Amino acid sequence: MNKIMARMDFIDKIKALACALVVIGHFVMSMDASAIFPYTSPTKWFVNSIYLFHVQLFFVCSGFLYSYSVKHKNDYNYFKYTGKKLLNLGVPYFVFSTVTVLMKMMAGDAVNSKENGLLYTLFIEPTAPYWYLYVLFFMFILIPPLRSKGSITVAIIIALALKVIDVSGLLSAVNLPYFAQRIMVYSIWFVLGMTLSVWEYKPNKKHLPLGIIGLLLFTVGSVIVFALSNTNKAAYFILGLLAVGSIFVLFSCTDIPSGKLTKIIIKYNLPIFLMHTIFAAGIRIVLVKIGINQWYIHIPVGIVATFAGPVIAAFIMDKTKVFNILLYPEKTIKGLKAGAVSKK
């Protein structure tokens, strides 16, 4: 393991889980929006439940790795770091957001939801799932990589206060820019990830029962909230904390080796996240256009396309080298420069 940038195995597994849940959630919702396979109570509960924690897991992992990498590299420069994040997040954000909007424009009535125009989508209100990259970039700009326990405690208090404002409903009364609204909603998760790093969280197998109990409590709580049609944001936040904390403990305290499918999702996590909606929507539009509307065809074909499509595309892009810049800009540029130097 690289001592400078040690990416813990359990963090990659958590990101793989979060990615898989995001993909499945989007796919299930697309089937309902297209009236191909309308919601049943179990599927609606499933979607509602995963939305309490799957994107939150991404923010926790991002905050953890942000703080951890800066601490171990020990060469943080705000402007250089911001420039790298603008490159690494901005290129895939602009490219794949543009592709998604153009696809929707060309597909016409075959899409589930239409955008308000390319410029509006890119700069004012991003589309799913790319809003995550948009908001994450602003978090990197606004939240410094705190290293002391005292400073991170102050940060967690501020983030919690922002979350209280969100939960109270006061946020809806203020016309804030999209990124500011999302930061108020999700910064608590990003800072929680940073806190785990600064406080040097260490996996402890003795905590495993807590993770199991927490996940059981989340499941029961999510069923109750769904049955009561409860939309209380405070309840949602508490359930999200239960799920995120339990998953973090369970994944960090177990040494179960990753299977082949998990390894693929870990390796192609970013491409799957970036391209799953493009391939899912693309195959659905094609099937609808040729008159195939049966759910028992759409579901298996769609799921395969949703996962396999991005993996195949990323594999091809990696082999071409140049096109890999759309996924990993900084890494690709460095590779091209190194190749040019070696040829000399």
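Keep in mind it's a predicted model, so treat the numbers as computed, not measured. Atoms considered below: every heavy atom in the structure, side chains included; atoms not considered: hydrogens, waters and symmetry mates.
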Would Tyr76 and Ser69 count as a side-chain hydrogen bond (donor to acceptor under 3.5 Å, both in side chains) here? Give the steps.
CA-CA 9 Å; Tyr76 177 80; Ser69 64; over 6 Å; no
Indicate yes or no for a side-chain donor-acceptor contact from [X] to the backbone of [Y] under 3.5 Å, with no hydrogens or angles considered.
| X | Y | answer |
| --- | --- | --- |
| Tyr51 | Phe46 | no |
| Asp32 | Tyr39 | yes |
| Thr82 | Phe79 | no |
| His54 | Ile50 | yes |
| Ser151 | Ser148 | yes |
| Thr332 | Asn324 | yes |

Could you measure the distance from the [atom1] atom of [X] to the [atom2] atom of [Y]? Nearest 0.5 Å is fine.
| X | Y | atom1 | atom2 | answer |
| --- | --- | --- | --- | --- |
| Thr195 | Ile152 | OG1 | CD1 | 4.0 Å |
| Phe64 | Ile14 | CZ | CD1 | 9.0 Å |
| Asn269 | Thr262 | CG | OG1 | 11.5 Å |
| Thr43 | Ile24 | OG1 | CD1 | 13.0 Å |
| Leu160 | Asp166 | CG | CG | 11.5 Å |
| Ser258 | Ile266 | OG | CD1 | 4.0 Å |

Considering only heavy atoms from C-beta outward, does the side chain of [X] approach that of [Y] to under 4.5 Å?
| X | Y | result |
| --- | --- | --- |
| Tyr328 | Pro271 | yes |
| Pro329 | Pro92 | yes |
| Thr127 | Tyr130 | yes |
| Leu287 | Asn293 | no |
| Leu274 | Leu133 | yes |
| Val198 | Tyr68 | no |
| Leu242 | Phe53 | no |
| Phe27 | Ile303 | yes |

Would you say [Y] ends up clustered with [X] if hydrophobic residues are merged whenever their side chains have heavy atoms under 4.5 Å apart, either directly or through other cluster members?
| X | Y | value |
| --- | --- | --- |
| Met275 | Val304 | no |
| Leu228 | Ile238 | no |
| Ile156 | Val164 | no |
| Val185 | Ile157 | yes |
| Val286 | Met31 | no |

Minimum heavy-atom separation for [X] and [Y], please, with both atom names.
| X | Y | result |
| --- | --- | --- |
| Ile283 | Ala305 | CG2-CB, 3.9 Å |
| Tyr201 | Val249 | OH-CA, 4.0 Å |
| Glu330 | Asn88 | OE1-ND2, 2.9 Å |
| Thr254 | Leu250 | OG1-O, 2.7 Å |
| Thr306 | Gly302 | OG1-O, 2.6 Å |
| Ser67 | Leu146 | OG-O, 3.8 Å |

Among Leu52, Val167, Leu241, Asn48, find the one that has a side-chain contact (heavy atoms from CB on, under 4.5 Å) with Tyr236.
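By the side-chain contact (heavy atoms from CB on, under 4.5 Å) criterion, Tyr236 pairs with just one of Leu52, Val167, Leu241, Asn48: Leu52.
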Flag yes if more than 12 heavy atoms outside [X] fall under 6.0 Å of its [atom1] atom; otherwise flag no.
| X | atom1 | result |
| --- | --- | --- |
| Ile256 | CD1 | no |
| Tyr120 | OH | yes |
| Lys267 | NZ | no |
| Phe315 | CZ | no |

Between Ser97 and Thr100: side-chain donor-acceptor atoms closer than 3.5 Å
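Side-chain D/A pair, Ser97 to Thr100: absent.
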Decide whether Trp45 and Ser49 meet the rule of one side-chain donor and one side-chain acceptor closer than 3.5 Å.
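A donor-acceptor contact under 3.5 Å links the two side chains.
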Kindly say whether the aromatic ring centers of [X] and [Y] come within a distance under 6.0 Å.
| X | Y | answer |
| --- | --- | --- |
| Tyr268 | Phe307 | no |
| Tyr134 | Phe123 | no |
| Phe273 | Phe58 | yes |
| Phe279 | His276 | no |
| Phe190 | Tyr186 | no |

Could you walk me through whether Tyr296 and Ile36 pass side chain to side chain contact (heavy atoms under 4.5 Å, CB included), step by step?
CA-CA 9 Å; Tyr296 51 83; Ile36 293 170; over 6 Å; no
Between Glu125 and Thr121, is the side chain to side chain contact (heavy atoms under 4.5 Å, CB included) condition met? List the steps.
CA-CA 5 Å; Glu125 188 170 338; Thr121 300; over 6 Å; no
Evaluate the ring planes of Tyr66 and Tyr81, with Trp represented by its six-membered ring, and classify them as parallel (under 30°), tilted (30 to 60°) or perpendicular (over 60°).
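The arrangement is tilted - the two ring planes meet at 30° to 60°.
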Using distance only, find each side-chain donor-acceptor pair of residues 204-219 under 3.5 Å and give its atom names and separation, not counting sequence neighbours.
unit_1, atom_1, unit_2, atom_2, d
Asn204, OD1, Lys206, N, 2.9
Lys205, NZ, Asp255, OD2, 2.8
Thr219, OG1, Leu215, O, 2.9

Could you check Phe59, Phe237, Phe248 and say which one makes a ring-ring contact (aromatic ring centres under 6.0 Å, His included) with Trp189?
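By the ring-ring contact (aromatic ring centres under 6.0 Å, His included) criterion, Trp189 pairs with just one of Phe59, Phe237, Phe248: Phe237.
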As a quick check of understanding, evaluate side chain to side chain contact (heavy atoms under 4.5 Å, CB included) for Leu87 and Ile333, giving each step before the final call.
CA-CA 11 Å; Leu87 178 66; Ile333 292 171; 4.2 Å; yes
ring-ring contact (aromatic ring centres under 6.0 Å, His included), that's the test. Do Phe138 and Phe179 meet it? Break it down for me.
CA-CA 7 Å; Phe138 282 102; Phe179 79 89; 4.1 Å; yes
Would Lys85 and Phe140 count as a cation-pi pair here, with the cationic atom under 6.0 angstrom from the ring centre and within 45° of the axis?
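Yes, Lys85 and Phe140 form such a contact.
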Could you go through the side chain to side chain contact (heavy atoms under 4.5 Å, CB included) check for Lys15 and Leu65 one step at a time?
CA-CA 11 Å; Lys15 288 173 63 180; Leu65 293 172; 4.3 Å; yes
